[in-house]
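For reference, the structure discussed in these notes is given below.
Naming convention: chains lettered A, B, ... in sequence-line order (proteins, then strands); numbering from 1 in each chain.
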Amino acid sequence: MNAKQITTEGLWSQNPALVQMLGLCPLLAVSNTVTQSLVLGLVTLIVLTCSNLIISLIRRWLDDATRLPAQIMIIATFVTLSDLLLQTFLFEIHQRIGLFVALIVTNCTVLGRAESFASRYPVRYAVLDGFMMGTGFLLVIVCMGFVREALGQGMLFSQLHMILGGDQTDWLVILPNDGFLLMILPPGAFLILGCLIALKNWIELYVQN
Amino acid sequence: MRSLQGIVARLTTIGFICALGLSFTNYSTRLQISDNRANHATEKLLSILHADVDVSIDPLGNNTYQISRNGVTSGHIFEISTTEGYNGEIRLWLAVDLAGTVLGTRVINHQETPGLGDKLDIEVSNWILGFNNQSLDSIIWAVKKDKGDFDQFTGATITPRAVVTAVKLGLIDYKNNRDNWMSSYER
């Protein structure tokens with residue numbers, strides 16, 4: 001196990017969204033704008049890194065009987081903490097994605113990494129693994145946010161002022177195309193995700209040959 | 001295999017530490033969060049009315065506000081809510097003039113599905129403006145799917161149905177209680 005391998009696995013070869021297909025519920029539901037995707041992706045990244053850190057720290061102290069309940073408790077704590085902090089500092093955006101922030105606790109990526117990685121490896125690897133898996137998820141969800149907001153609404157960054165301040169017009173980019181409703185709806189999310197998975201597989205094949 | 005006591009002791013310790021962290025965060029953020037909620041609500045209140053200089057809003061308590069124009073009472077704003085939505089409670093402000101005509105309504109808080117049910121939010125769509133200038137007799141208070149006059153959303157009927165019903169009940173409530181609010185304020 002080395003840092004390079006952990007990085008490639010998280011970002012590419014074991015990408016939680018494109019390869020392991022975990023955490024699809026928030027990925028599909030929230031990715032209709034860039035800003036929502038960005039915030040949910042970042043919160044997932046932070047929860048994943050923090051929970052991996054703590055779970056790896058106490059891994060020798062837990063056994064088969066206590067491991068799972070302890071992991072879930074730790075993950076749920078970090079999720080609730082992020083939920084409270086979002087309500088404090090980014091209230092507007094929390095109004096949009098609050099439901100899915102709370103649902104991060106059921107994101108299989110988080111428990112999956114805790115159980116299969118953090119509870120077996122030293123802290124520095126566990127933290128890196130959480131960070132890279134989180135980044136892999138973040139990249140995919142933001143990518144979907146871009147495509148869906150651009151095609152579905154014909155604009156980009158329509159909610160960016162909610163996290164960066166200023167007026168909506170400071171950030172909004174109007175694109176020449178009209179909105180295509182299907183892209184904002186769940187079927188659009190499935191289509192885009194399918195295209196991204198196909199693209200990833202195609203690149204892999206292309207590089208191999 | 002560890003003893004039962006060992007398991008209980010470990011889980012209790014972790015649970016205790018988690019609870020401690022959560023209570024601390026909850027304690028230090030609760031004022032800011034309730035502030036955010038209140039600001040969010042007040043901003044929406046003013047935007048409902050397109051408030052000009054002549055309009056003032058005075059709290060009557062119980063989440064009820066009196067609208068006065070040039071010092072004369074012209075209507076009320078009050079909170080209505082419904083749990084008939086898709087997920088959790090939807091809370092709204094309803095502004096009504098004395099004759100029972102809707103001046104405006106806005107969602108305060110909701111957890112409807114982003115991209116589907118959240119079109120009741122003014123920042124997502126203009127649907128909620130469809131209530132403006134309507135009264136109990138001016139329109140059929142149901143979504144089109146139920147042979148009424150209100151649009152439903154693409155892919156989401158439950159949310160608009162819940163809101164239409166809530167506003168209708170709010171108007172009926174206002175009709176019955178308006179005089180109580182007026183007199184309790186004057187007293």
Side chains of Asn26(B) and Ser23(B): is there a donor and an acceptor less than 3.5 Å apart?
no

Quick check on the interface: out of Leu22(B), Asn87(B), Ile17(B), who has the most heavy-atom pairs with chain A under 4.5 Å?
Leu22(B)

Residues Leu18(A) and Met21(A): closest non-hydrogen pair is O-CE, 3.5 Å

Honestly, the part of Ile54(A) sitting under 4.5 Å from a heavy atom of chain B is neither

Does either side chain, that of Thr169(A) or that of Asp167(A), offer a donor lying less than 3.5 Å from an acceptor on the other one?
no

The interface call for Thr12(B) against chain A, heavy-atom contacts under 4.5 Å, is neither

Applying a strict 4.5 Å limit to non-hydrogen atoms, the region of Ala70(A) in contact with chain B is both

So, the part of Leu84(A) with a heavy atom under 4.5 Å from chain B: the answer is both

Once you measure the plane-to-plane angle for Phe146(A) and Phe157(A), does it fall in the parallel (<30°), tilted (30-60°) or perpendicular (>60°) bin?
perpendicular

Note, Lys119(B) side chain near Thr159(B) side chain (heavy atom, < 4.5 Å):
no

Locate the shortest heavy-atom distance separating Asp146(B) from Arg161(B); write the atom from each residue and the value.
OD2-NE, 2.8 Å

Can you tell me which portion of Met162(A) sits under 4.5 Å from chain B's heavy atoms? Options are side chain, backbone, both or neither.
side chain

Measure distances from Gln36(A) to the heavy atoms of chain B and classify the residue's part below 4.5 Å as side chain, backbone, both or neither.
side chain

Engaged part of Phe100(A) at the chain B interface, taking heavy atoms whose separation is under 4.5 Å:
side chain

